[in-house]
Every structure is written in structure tokens, then in C-alpha cells.
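Per chain, numbering begins at 1; letters A, B, ... match sequence-line order.
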There are 2 protein chains.
Amino acid sequence: MTVMQTTAGTLARNATSTDICSAPPRRHPRPDGQDRYTISEVVAFTGLTAHTLRWYERIGLMSHIDRSHTGQRRYSNRDLDWLDFVGKLRMTGMPVADMVRYAELVREGESTYPDRRQLLESTRRDVLARIAELQDTLAVLDRKISFYGDAGRARETEST
Amino acid sequence: MTVMQTTAGTLARNATSTDICSAPPRRHPRPDGQDRYTISEVVAFTGLTAHTLRWYERIGLMSHIDRSHTGQRRYSNRDLDWLDFVGKLRMTGMPVADMVRYAELVREGESTYPDRRQLLESTRRDVLARIAELQDTLAVLDRKISFYGDAGRARETEST
DNA sequence: TATGACCTTGGAGTGCACTCCAAGCAAGCG
DNA sequence: CGCTTGCTTGGAGTGCACTCCAAGGTCATA
């Protein structure tokens, strides 16, 4: 355990260091203690839809969200951090099923550290490969763009 | 704009410069003249399935493929180049519908150069953005991996 | 207390990009 | 000639990741 990340003057010491581990330097909408966001607030913060948030919970991508006395969801800063991380994983192209697998590992506790690490390292390799592919693609695009070259000068002054 | 990237001594002069424009330095399986590949050969070269190849043709992502006297498809080196490029576009996350749009522009001839250029430039911007996102994700992964750190050392010696 | 915005659920529907199927034609081989 | 393998077609099916719906309960404001 023992988080310890000395990332300069981050006022982020917010991670309770239980499970989410090294928290990103994210500024939460409200400080810990008042972090009981409704689903629509989370929609506003994350850009996900309420449908998607409920669906994430149903499939086990999020552990059970805290509820108000009448059964409405109340998300915490921790949940926001998790959603943030899930967003990153999603960007890597990782299938949701694999993210659920990771979430399960997290729920199982510290004993799954090696598995989690392996999963992340394999993801890391995928990301590196994808970046390489994209850079390759970029080269192709540049070649074609320069071929079409000044032919495109005529119209469209708002090209940026 | 004016891209201008002087990428060393590109020996690429093979493009007939009709439509596909600046062809990538791809070595074709057979030289021009003997390039009448069956669908299963193209499957072997590209990794796509025969289903997908036929489907690409049906939706207009490929212009009509040459046929043998009995009606079987015979792909040319040019078709292979196009599939190569389509593969690149696909990697950028461009929806198939947009690729079809590009294919239509190509079919319409030189008059669409400006539109094609614009489309590619917008794609280029998307690619750059995606690379940036991925690099961001990489940083997050690295942070987490180093958190899980040596906890994962125990088993699995084949980590690479 | 009533109006309207917000929240709940299970289950069904959507859009994308394939992916497969059945029925049938064609070529090569013993 | 029959057999196998490969190719053809239109249309239907699949899997993923949402996305929406209907029917109803909750909450803040007038």
C-alpha cells in the first residue's frame, strides 16, 4: 500500500488509499464529506449519460453506489475518480468486459495486485502499439494531404 | 498549411497518379500485369474476411472489382493499395460511412480534391487528438503500474 | 398540494461493423 | 462422372456498447 506519490505541490491527498490507489490530480466538484452527487450531476461532470451510468453499475463496472434514504443514487468523489479511470481505459479500446474483470479484481482486494498490474501492463503495451499505428497513419495522411496539396487552396478559407 | 515534410529519399514513384494518388511504398505480392488476386488471396494479404471484402464492395467502400469470365472477383494491386489506405482510415476510428463518402469523392474525380483534402485534414486533427489522449492515458497507466509496483514481482516471470 | 423536473426499474430497441447462412454455380481432379 | 473446394448472391443474424421506454416514485418550489 502506502501511496506516497510526491507529485509536486498537489493538494491531492484525498485518496483514502483503500482501493483506487494512486489518484490522479483531479479537482473534485465538492470536497470530501459533501460528495453525494445525484446522477444528473455526475452526467454533467463526466459527459456520460444517466443510462450509461446505471448500466455500468448493472454490469458490475462500478461497485454498488451509495443511495439516499429513498433509494436514489448518490455518487462520491471516489466514484468520480473511478469513472475517470474507466474513461481512460475506454479510450484505450479495452472492451467493457475486461474493465469489469479489472473492477472485480479491485473488489477482491490487495491479493489481486499482481493480476491488476499485469492487466495494466498488457493494456499499456496495447496503447503503445496503437500510438505507433496512429503515427504511421499520420504519415500516410500527411503524404496524401501534401499530394492534394495546393489544389485545395481555391475555396474554403476557414481551414484553420 | 503547406505540409512540406521532406521524408528522405522516398523511392515511391509507382502510383499511376490517377486516383489513389501518392501510393505508399507497399510491395505488392505480384507485379502489375499479373495482379488478378482471388478473394481468398486478398483475405490472406489483408487479414480481412471474404465477407468483409464483399460487404465493402456492396456499401460502396470499394468501386466495382474486376471479375473473371465466370463472375468471380479479381482484385488488382490498386485495390490492395486502396484496402491498405482504408485500413489506415479505419484505425483512426473514422466511421465506415465517412470512408464511403471519401470513396465517392475519389470516384467523382479531380474536382473533389479540395473536399478530399479537407476531409483528410480533419481526420489528421482527430488522429493528433487521439494520440494526445492516448499519451495522457499512458501517464495514468504508468502511475498505477508503478503503484502496484513490485507487488506484482512474485509470480509470472514472462512479463517482458 | 400541486406542478414539473428528476429519479427508479427491467426489459426492449438501436446503430455500427461486421458475420454468417443457404442455395447454387464453376473449376480441378481421379 | 462425382467429389471437393472455392466462389457467388441477398438477406438474416451477431456482439458490443449503449440507448430508450413505460410506469411509477421523489423532490423542490409556488
Side-chain angles (χ1 to χ4, degrees), chain A residues 29 34-62 64-76 79 82-83 85-104 123 126 130 133, chain B residues 29 35-76 79 82-83 85-104 123 126 130 133:
Chain A
Q34 284 115 290
D35 53 338
R36 294 181 54 78
Y37 311 106
T38 66
I39 200 166
S40 59
E41 284 175 309
V42 178
V43 164
F45 301 147
T46 62
L48 298 168
T49 71
H51 297 302
T52 302
L53 287 168
R54 286 192 274 257
W55 179 66
Y56 277 3
E57 194 179 343
R58 239 193 302 176
I59 64 174
L61 184 50
M62 303 204 67
H64 284 299
I65 301 299
D66 201 21
R67 300 296 178 118
S68 74
H69 68 106
T70 53
Q72 298 194 347
R73 288 172 182 79
R74 292 294 178 258
Y75 292 82
S76 67
D79 296 326
W82 175 252
L83 283 171
F85 179 55
V86 162
K88 297 286 184 215
L89 290 185
R90 203 169 35 137
M91 271 193 324
T92 70
M94 179 187 282
V96 167
D98 290 3
M99 296 192 233
V100 170
R101 171 81 191 121
Y102 185 85
E104 280 163 0
T123 303
D126 293 347
R130 167 121 307 148
E133 282 178 341
Chain B
D35 53 338
R36 294 180 55 76
Y37 311 105
T38 66
I39 199 165
S40 58
E41 283 174 310
V42 177
V43 164
F45 300 147
T46 63
L48 298 168
T49 71
H51 297 304
T52 302
L53 286 168
R54 287 191 275 258
W55 179 66
Y56 276 2
E57 194 179 342
R58 244 194 298 176
I59 63 175
L61 184 50
M62 302 204 68
S63 45
H64 285 299
I65 301 300
D66 201 21
R67 300 298 180 117
S68 74
H69 67 107
T70 54
Q72 299 194 347
R73 287 172 183 78
R74 292 294 178 260
Y75 291 83
S76 68
D79 296 326
W82 175 253
L83 283 171
F85 179 55
V86 162
K88 298 285 184 215
L89 290 186
R90 203 168 37 134
M91 270 195 323
T92 70
M94 179 186 284
V96 167
D98 290 3
M99 295 192 235
V100 170
R101 171 80 190 122
Y102 185 85
E104 281 163 359
T123 303
D126 293 346
R130 166 119 310 147
E133 283 179 340

- Message: With a cut-off of less than 4.0 Å, is there a side-chain N or O of A:Thr38 near OP1 or OP2 of C:dC7?
- Response: yes
- Taking all non-hydrogen atoms of both residues into account, name the closest pair between A:Gly60 and A:Ala103 and its distance. O-CB, 3.7 Å
- On a heavy-atom basis, the closest approach of A:Arg90 and A:Met99 is CA-CE, 3.7 Å
- Message: Within the 4.5 Å heavy-atom criterion, are A:Val96 and A:Trp55 side-chain neighbours or not?
- Response: yes
- Message: Would you say CZ of B:Arg130 has more than 12 non-hydrogen atoms from neighbouring residues, nucleotides or ligands within 6.0 angstrom?
- Response: no
- Message: Using a 3.5 Å distance criterion without hydrogens, assess whether the side chain of B:Glu57 forms a donor-acceptor pair with backbone atoms of B:Arg54.
- Response: no
- Task: Evaluate the side-chain proximity of A:Leu83 to A:Phe45: yes if any heavy-atom separation is below 4.5 Å, no if none is.
- Result: no
- Message: Of the listed nucleotides (C:dT8, C:dA26, D:dT8), which one gets closest to any side-chain atom of A:Ile39?
- Response: C:dT8
- Query: Whole Å only: how far is the OH atom of B:Tyr37 from the P atom of D:dC7?
  - Reply: 16 Å
- Could you give the NE2-to-P distance, from B:His69 to D:dT8, as a whole number of Å? 13 Å
- Item | Rounded (10°) bend between the five-pair end axes of the helix from C:dT1-D:dA30 to C:dG30-D:dC1 | 0°
- How do B:Gln72 and A:Ser40 order along DNA chain C: which one's closest nucleotide is nearer the 5' end? A:Ser40
- Looking at DNA chain C, which of residues 53-63 of chain B put a heavy atom within less than 4.0 Å of it? B:Trp55, B:Tyr56
- Which listed nucleotide (C:dT9, D:dC7, C:dC21) is nearest to the side chain of B:His51? C:dC21
- Message: Can you confirm whether A:Arg67 sits close enough to A:Gln72 that some side-chain heavy atom of one is under 4.5 Å from a side-chain heavy atom of the other?
- Response: no
- Query: Is the phosphate of C:dC7, meaning OP1 or OP2, less than 4.0 Å from a side-chain N or O of A:Arg73?
  - Reply: no
- Message: Without decimals, in angstroms, what is the distance between B:Tyr75 OH and D:dC7 P?
- Response: 10 Å
- Item | B:Ser68 side chain near D:dC7 phosphate (N/O to OP1/OP2, under 4.0 Å) | no
- Item | Heavy-atom check, side chain of B:Arg74 versus side chain of B:Thr38, under 4.5 Å | yes
- Query: Of all heavy-atom pairs between A:Ala50 and A:Val43, which one has the smallest distance, and what is that distance?
  - Reply: N-CG2, 3.4 Å
- Side chains of B:Ser76 and B:Asp79, donor plus acceptor under 3.5 Å: yes
- Item | Residues in contact with DNA chain C, drawn from residues 90-100 of chain A - heavy-atom cutoff 4.0 Å | none
- Quick one: label B:Arg74 by what it contacts on the DNA or RNA (base, sugar-phosphate, nothing), any heavy atom closer than 4.0 Å. nothing
- Item | Phosphate OP1/OP2 of D:dA17: any A:Thr52 side-chain N/O under 4.0 Å | no
- Task: Can you label the angle between the B:Tyr102 ring and the B:Trp82 ring as parallel, tilted or perpendicular, going by 30° and 60°?
- Result: parallel
